Amino acid sequence: MNISLDYTLGCGQAHRWIKRDDTWEGVIGNEIITLTQTDNGFECDGTSNENMILNYFRAKDNIQNIYNDIRRRDSYVSTLIHKYQGMRILKQDSWECIATYILATNANIKRIRQMIGMVCKECGEDLGGRYSFPTPEEVIMKADRLSNCRLGYRRQRFIELAKRISTNDIDLNTIGKLSYEECVQTLLKIKGIGPKVADCVSLFGYGHLDAFPIDTRITKILWAVYGKHGSYKQLSKFSREKFGKYAGYAQEFLYYSNPATSTFSHKI
DNA sequence: CATCAACCTGATCA
DNA sequence: ATGATCAGGTTGA
């Protein structure tokens, strides 16, 4: 399969997709998008801009070439690629990506989705059942409503981010022109962004496919599968060298694999 | 550079 | 039932 909606939209890289029966519903920009899996891809309802969807799914990537590259490098990831054929890295909007991953720090998936859903409902536009992700200006204008969103200490970071972007103190397009290393270094200066979020934004928001985000789950997997442990920097170096220019794809497969039911050489 | 408690909130577990 | 711990981390000392 070329593109799997279940794996791509269900692996946790994007937080606003909902599976209803056999279709996936999400919001991209100001449109509610409905996707239905086909044999080799998907059908799309809700937009006339097909190019936008193809870009979001990175459909022009030579996916077999990418799979083959990481397959060669590691036999365990190779089995995961076989198992989860069609998993893709998405190319998300940079603002939405930074914002959602700042909100996602130190929270579980369920809570992340709840926080983001609340933020959209309080500050975004009603599209009819679903809400747009608010612009930085909308966040600032409706900042008082964020008190209802249960964001905890993330609220101030979120508002500060919106302000800095709105005033052009942070220029998302300029960051998009940087190399992976420069991109990470720039993102790290933003309050609320540490190494993990910087890697997530580099990968999902700016398309640096060699970024390898390391969260608690990946940390456990790196220990369980490869016997590696250490600081973020050490694990990052090991993973990026091992998996190469498409390390981000390898990370997605590792993340999606279920450590609890797999056979590992080390105990978790 | 490495270490570590504190941090909002909510769910799970003992 | 009530307290500890953990969850897609980051901050500041």
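In what follows, chains carry the letters A, B, and so on, assigned in the order in which the sequence lines appear, proteins first and then strands, with residues in each chain numbered from 1. Remember, it's a predicted structure, so these values are computed and weren't measured experimentally.
- If you chain together hydrophobic residues whose side chains sit under 4.5 Å apart, A:L5 and A:I32 never meet in one group.
- The six-membered or imidazole ring of A:F238 lies away from that of A:F243, with a centre-to-centre distance of 6.0 Å or more.
- In this entry the distance linking NE2 of A:H229 with P of B:dT3 reads 10 Å, nearest Å.
- Note on ring orientation: taking the six-membered ring where Trp is involved, the planes of A:Y101 and A:H15 are perpendicular (angle over 60°, cut-offs 30° and 60°).
- A:R155 comes within contact range of no nucleotide atom at all, as no heavy-atom separation falls under 4.0 Å.
- Remark: C1' of B:dT9 and CE of A:M118 are 12 Å apart, rounded to the nearest angstrom.
- The side chain to side chain contact (heavy atoms under 4.5 Å, CB included) test with A:F133 is passed by exactly one of A:T100, A:D93, A:V139: A:T100.
- Residue contacts for A:Q156: at a heavy-atom cut-off of 4.0 Å it reaches no nucleic acid atom on any strand shown.
- Linking Ile, Leu, Val, Met, Phe, Trp and Tyr residues whenever their side-chain heavy atoms come within less than 4.5 Å places A:L203 and A:Y84 in a single cluster.
- Residue A:Y153 has its side chain nearest to B:dC8 when only C:dT10, B:dC8, C:dA7 are considered.
- Listed by residue number, the members of residues 208-216 of chain A with any heavy atom below 4.0 angstrom from DNA chain B form an empty set.
- As rounded to the nearest Å, B:dA6 and C:dA4 have P atoms that lie 13 Å from one another.
- Within residues 185-202 of chain A, the residues approaching DNA chain C are A:I190, A:K191, A:G192, A:I193, A:G194, A:P195, A:K196, A:V197, by heavy-atom distance under 4.0 Å.
- Nucleotides C:dT2 and B:dC8, compared at atom P, are 25 Å apart to the nearest Å.
- Atom CZ of A:R217 and atom P of C:dA7 are 11 Å apart (whole Å).
- Partner A:K196 forms a side chain to side chain contact (heavy atoms under 4.5 Å, CB included) with one of A:D215, A:V201, A:T105 and no other, that one being A:D215.
- Salt bridge present: A:D6 and A:K19 bring a charged side-chain N and a carboxylate O closer than 4.0 Å.
- Atom C1' of nucleotide C:dA7 and atom CE of A:M115 are separated by 10 Å, given to the nearest angstrom.
- With P as the reference atom, B:dC4 and C:dC6 are 15 Å apart, rounded to whole Å.
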_Determine whether A:K142 and A:E122 satisfy the following criterion, salt bridge (Lys or Arg N to Asp or Glu O under 4.0 Å), listing intermediate values before the conclusion._
CA-CA 8 Å; A:K142 303 173 185 176; A:E122 290 292 330; over 6 Å; no

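- A:Y232 and A:D199 are linked by a side-chain donor-acceptor pair at a separation below 3.5 angstrom, with hydrogens and angles left out of the test.
- Distance CD1 (A:I109) to P (C:dG9): 10 Å, rounded to an integer number of Å.
- Taking atom CZ on A:R113 and atom C1' on B:dT9, their separation rounds to 18 Å, with Å as the unit.
- Atom OH of A:Y101 and atom P of C:dG9 are 11 Å apart (whole Å).
- Residues A:N2 and A:R88 have side chains that bring a donor and an acceptor to within less than 3.5 angstrom of each other.
- With 3.5 Å as the limit, one finds a donor-acceptor pair spanning the side chains of A:S166 and A:E137.
- B:dC1 atom C1' lies 16 Å from atom CG of A:L235, rounded to whole Å.
- Taking the P atom of each, C:dT11 and B:dG10 are spaced 23 Å apart, rounded to whole Å.
- Between A:E31 and A:T47, the side chains place a donor N or O and an acceptor N or O closer than 3.5 Å (distance only, hydrogens not considered).
- Taking atom C1' on both B:dA5 and C:dT5, the two are 15 Å apart, rounded to the nearest angstrom.
- Shown here, C:dT5 forms a base pair with B:dA11; the pair counts as Watson-Crick or G-U wobble because both key distances fall under 3.5 Å.
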Just the table, please: protein N/O against nucleotides 10-14 of chain B N/O, every pair under 3.5 Å.
from	atom 1	to	atom 2	distance (Å)
B:dG10	OP1	A:R150	NE	2.8
B:dG10	OP1	A:R150	NH2	3.3
B:dG10	OP2	A:R150	NH2	2.8

